[in-house]
Amino acid sequence: MIKRCVLFLFLIPLFTGCAATTEKTIIKQGGVRLTAAEVFKLISNNTIHLESTDFEAKVFFKKNGRLAARNIIHNADDLGRWDISEEGQLCYRYTIWYHGDIMCETIYREMSGKYLFLTKKGTLAYTATRTMGDPLALSQNIEEKSKSSFVRKDLAKDVSDGQPAAAPSQGAEQLPAVPENKELTIKQMAKNCPGCSLKDADLRQANLVQANLKGADLRGADLSRANLRRADLSEADLRGATLLSTNLPGVNLRGADLSGADFSGANLLRADLTDADVEDTIFNNAHLNGVKGLKGRP
């Protein structure tokens with residue numbers, strides 16, 4: 001086993017060495033998945049050092065849901081926002097890096113004390129270590145004029161700041177239970193996410209009134225029964241999206257790609273579909289009174 005691991009390192013020098021790289025292997029080797037409360041305790045007002053084969057950054061997660069990051073390799077800074085879903089995933093997006101896409105990752109704690117960030121497919125995204133506080137003063141880059149908190153209030157209220165996450169053991173400390181919260185992270189971020197990737201996202205019943213989703217990638221997304229009144233979806237990619245009984249009065253869909261999207265039962269009162277691609281788009285029982293730019297429709 002040792003010989004194989006050494007040979008592997010010579011062939012492909014990975015930052016994780018012979019560390020577990022799949023969820024099943026991590027669990028088998030004693031890794032413990034962090035709960036939502038534990039994730040909050042780990043990162044809130046602390047700096048996380050993220051490493052992968054082609055990325056290394058230190059990210060300060062401010063308690064109010066803002067983040068500031070520094071790419072160690074390229075000495076470049078970026079800002080963003082974060083939140084935690086009720087399933088315990090850390091969801092965040094940078095303003096510039098990764099094209100502003102939303103990333104949601106599950107965090108495991110190894111027996112060694114290191115942390116592993118896994119993608120939704122269960123593969124390793126980053127290894128991570130935590131430094132208490134903000135030693136690089138990254139928070140100075142965060143605009144203080146916006147002090148509104150969009151991190152889950154139940155976590156911020158129930159978990160004290162600055163306390164280290166429990167070490168892995170059979171008798172792990174009992175953290176406060178996290179109440180049910182129907183407003184999940186992606187639904188919150190989607191309120192102001194122009195140009196970002198929300199492909200295949202679950203946005204059912206989301207409150208997205210006047211949301212800015214201009215140019216967003218919403219291919220295959222499920223927006224059924226969501227409220228998108230007067231939202232900006234101009235030039236958005238909604239190919240194959242599901243919008244069953246979605247509320248869309250006054251929505252801006254100018255230049256959007258609606259190919260294969262299903263608007264059955266949707267309310268499109270006075271929506272603007274000028275120059276939108278509606279090839280194979282389904283409008284069964286949709287309310288189309290006053291719609292602009294939809295050729296062949298009232």
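Side-chain atoms are counted along with the backbone in the values below, which use heavy atoms only and exclude waters and symmetry mates. Starting from 1, each residue takes its place in the sequence as its number.
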Visitor: Treating Ile, Leu, Val, Met, Phe, Trp and Tyr as nodes and any side-chain heavy-atom pair under 4.5 angstrom as an edge, say whether Leu238 and Leu244 lie in one connected cluster.
Guide: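 No, Leu238 and Leu244 fall in different hydrophobic clusters.
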
Visitor: Do Leu198 and Leu213 have side chains that approach each other closer than 4.5 Å (heavy atoms only, starting at C-beta)?
Guide: yes

Visitor: Can you name the residues that form a side chain to side chain contact (heavy atoms under 4.5 Å, CB included) with Arg270, not counting sequence neighbours?
Guide: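 Side chain to side chain contact (heavy atoms under 4.5 Å, CB included) list for Arg270, sorted by chain: empty.
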
Visitor: Any ring-ring contact (aromatic ring centres under 6.0 Å, His included) pairs touching residues 212-253, not counting sequence neighbours?
Guide: none

Visitor: Please report the shortest heavy-atom distance between Leu203 and Leu218, naming the atom on each side.
Guide: CD1-CD2, 4.0 Å

Visitor: Strictly by disulfide bond (SG atoms under 2.5 Å apart), give each pair with a member in residues 37-74 just once, sequence neighbours left out.
Guide: none

Visitor: Could you tell me which residues satisfy side chain to side chain contact (heavy atoms under 4.5 Å, CB included) with Asp222, sequence neighbours excluded, listed by chain and number?
Guide: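 Applying side chain to side chain contact (heavy atoms under 4.5 Å, CB included) to Asp222 gives Arg204, Ser224, Thr242.
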
Visitor: Does the side chain of Arg33 reach to within under 4.5 Å of the side chain of Thr106, using non-hydrogen atoms?
Guide: yes

Visitor: Between Thr129 (side chain only) and Lys114 (backbone N and O only), is there a donor and an acceptor less than 3.5 Å apart?
Guide: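 Checked: no pair found.
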
Visitor: Enumerate the salt bridge (charged side-chain N to carboxylate O under 4.0 Å, His left out) contacts for residues 23-32, please, sequence neighbours excluded, ordered by first and then second residue.
Guide: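 Qualifying pairs: none.
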
Visitor: Side chain of Arg66, backbone of Phe61: donor and acceptor closer than 3.5 Å?
Guide: no

Visitor: If you look only at pairs with a residue in residues 196-263, which of them pass as a disulfide bond (SG atoms under 2.5 Å apart), with sequence neighbours excluded?
Guide: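 Listed once each, the pairs are Cys193-Cys196.
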
Visitor: Can you find a heavy atom in the side chain of Leu118 that is under 4.5 Å from one in the side chain of Thr123?
Guide: no

Visitor: Under the ring-ring contact (aromatic ring centres under 6.0 Å, His included) rule, what do Tyr94 and Tyr92 come out as? Steps first, then yes or no, please.
Guide: CA-CA 7 Å; Tyr94 302 107; Tyr92 60 99; 5.6 Å; yes

Visitor: Using modelled atom types and a 3.5 Å cut-off, is there a donor and acceptor pairing between side-chain atoms of Asn192 and backbone atoms of Pro194?
Guide: no

Visitor: Would a distance-only check, ignoring hydrogens and angles, find a side-chain to backbone donor-acceptor pair under 3.5 Å from Asn227 to Leu208?
Guide: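 No, the answer is negative, given that no donor and acceptor are paired below the 3.5 Å cut-off.
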
Visitor: Looking at Leu138 and Ala68, what are the two nearest heavy atoms and their distance?
Guide: O-CB, 3.3 Å

Visitor: Which residue pairs satisfy the salt bridge (charged side-chain N to carboxylate O under 4.0 Å, His left out) criterion with at least one member in residues 235-263, sequence neighbours excluded?
Guide: Arg219-Asp237, Asp237-Arg239, Arg239-Asp257, Arg254-Asp272

Visitor: Could you report the tightest heavy-atom contact between Ser234 and Lys214, atom names first, then the distance?
Guide: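 Where Ser234 meets Lys214 most closely, the heavy atoms are OG-CG, 3.2 Å.
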
Visitor: If a pair satisfies ring-ring contact (aromatic ring centres under 6.0 Å, His included) and one of its residues is in residues 217-273, list it, with sequence neighbours excluded.
Guide: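 The answer is Phe263-Phe283.
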
Visitor: Does Ile96 share a hydrophobic cluster with Leu67, counting links as ILVMFWY side-chain heavy atoms below 4.5 Å and allowing steps through other members?
Guide: yes

Visitor: For Arg230, does the CZ atom have more than 12 heavy-atom neighbours from other residues, nucleotides or ligands under 6.0 Å away?
Guide: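 Check fails, neighbour count at 12 or below.
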
Visitor: Identify the two heavy atoms, one from Gly31 and one from Tyr108, that lie closest to each other, and give their separation to 0.1 Å.
Guide: C-CD2, 3.9 Å

Visitor: Does Asn284 reach the main-chain N or O of Ser264 with its side chain, forming a donor-acceptor pair under 3.5 Å?
Guide: no

Visitor: Does the pair Asp77 and Arg70 meet the rule for a salt bridge (charged side-chain N to carboxylate O under 4.0 Å, His left out), with working shown?
Guide: CA-CA 4 Å; Asp77 293 351; Arg70 177 162 299 162; 2.8 Å; yes

Visitor: Closest approach of Ala125 and Ser52, non-hydrogen atoms and distance?
Guide: O-CB, 3.4 Å

Visitor: Are the side chain of Thr246 and the backbone of Leu223 linked by a donor-acceptor contact shorter than 3.5 Å?
Guide: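 Yes: the side chain of Thr246 pairs with the backbone of Leu223.
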
Visitor: Rounded to the nearest 0.5 Å, what separation is found between the CG atom of Leu116 and the CD1 atom of Ile107?
Guide: 10.0 Å

Visitor: Under 4.5 Å between side-chain heavy atoms, hopping through other hydrophobics if needed: is there a path connecting Val251 to Leu288?
Guide: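 Both belong to a single hydrophobic cluster.
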
Visitor: Would you say the side chain of Leu248 lies within less than 4.5 Å of the side chain of Leu243, judging by non-hydrogen atoms?
Guide: yes

Visitor: Quick one: does any side-chain atom of Asn45 pair with a main-chain N or O of Lys63 as donor and acceptor, under 3.5 Å?
Guide: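 Yes, Asn45 side chain to Lys63 backbone: donor-acceptor pair under 3.5 Å.
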
Visitor: Measuring from atom CD of Glu105 to atom NZ of Lys120, what distance do you get when rounded to the nearest 0.5 angstrom?
Guide: 11.5 Å

Visitor: Are Asn46 and Phe60 close enough that some pair of their side-chain heavy atoms sits under 4.5 Å apart?
Guide: no

Visitor: Is the backbone N or O of Asn71 less than 3.5 Å from a side-chain atom of Asn75, with the two atoms forming a donor-acceptor pair by type?
Guide: no

Visitor: Show me the pairs that pass disulfide bond (SG atoms under 2.5 Å apart) and involve residues 37-72, at least two apart or across chains.
Guide: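 Applying disulfide bond (SG atoms under 2.5 Å apart) to every pair that reaches into residues 37-72, excluding sequence neighbours, yields nothing.
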
Visitor: Looking only at heavy atoms, what is the nearest atom pair of Met111 and Gly30, with distance?
Guide: SD-O, 3.6 Å

Visitor: Quick one: list whatever passes ring pair (Phe, Tyr, Trp, His ring centres under 6.0 Å) with Phe55, sequence neighbours left out.
Guide: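 Phe55 satisfies ring pair (Phe, Tyr, Trp, His ring centres under 6.0 Å) with Trp97, Tyr98, Tyr126 only.
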
Visitor: In terms of side-chain heavy atoms, does Ser259 have a donor or acceptor partner in Asp280 at a distance below 3.5 Å?
Guide: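 Checked: Ser259/Asp280 side chains show no N/O donor-acceptor pair below 3.5 Å.
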
Visitor: Which pairs, with at least one residue in residues 28-69 and sequence neighbours excluded, count as a disulfide bond (SG atoms under 2.5 Å apart)?
Guide: none

Visitor: Ser197: what forms a side chain to side chain contact (heavy atoms under 4.5 Å, CB included) with it, not counting sequence neighbours?
Guide: Asp101, Lys199, Asp217

Visitor: Under the side chain to side chain contact (heavy atoms under 4.5 Å, CB included) criterion, do Leu273 and Val278 qualify, and how do the steps go?
Guide: CA-CA 9 Å; Leu273 278 70; Val278 293; 4.2 Å; yes

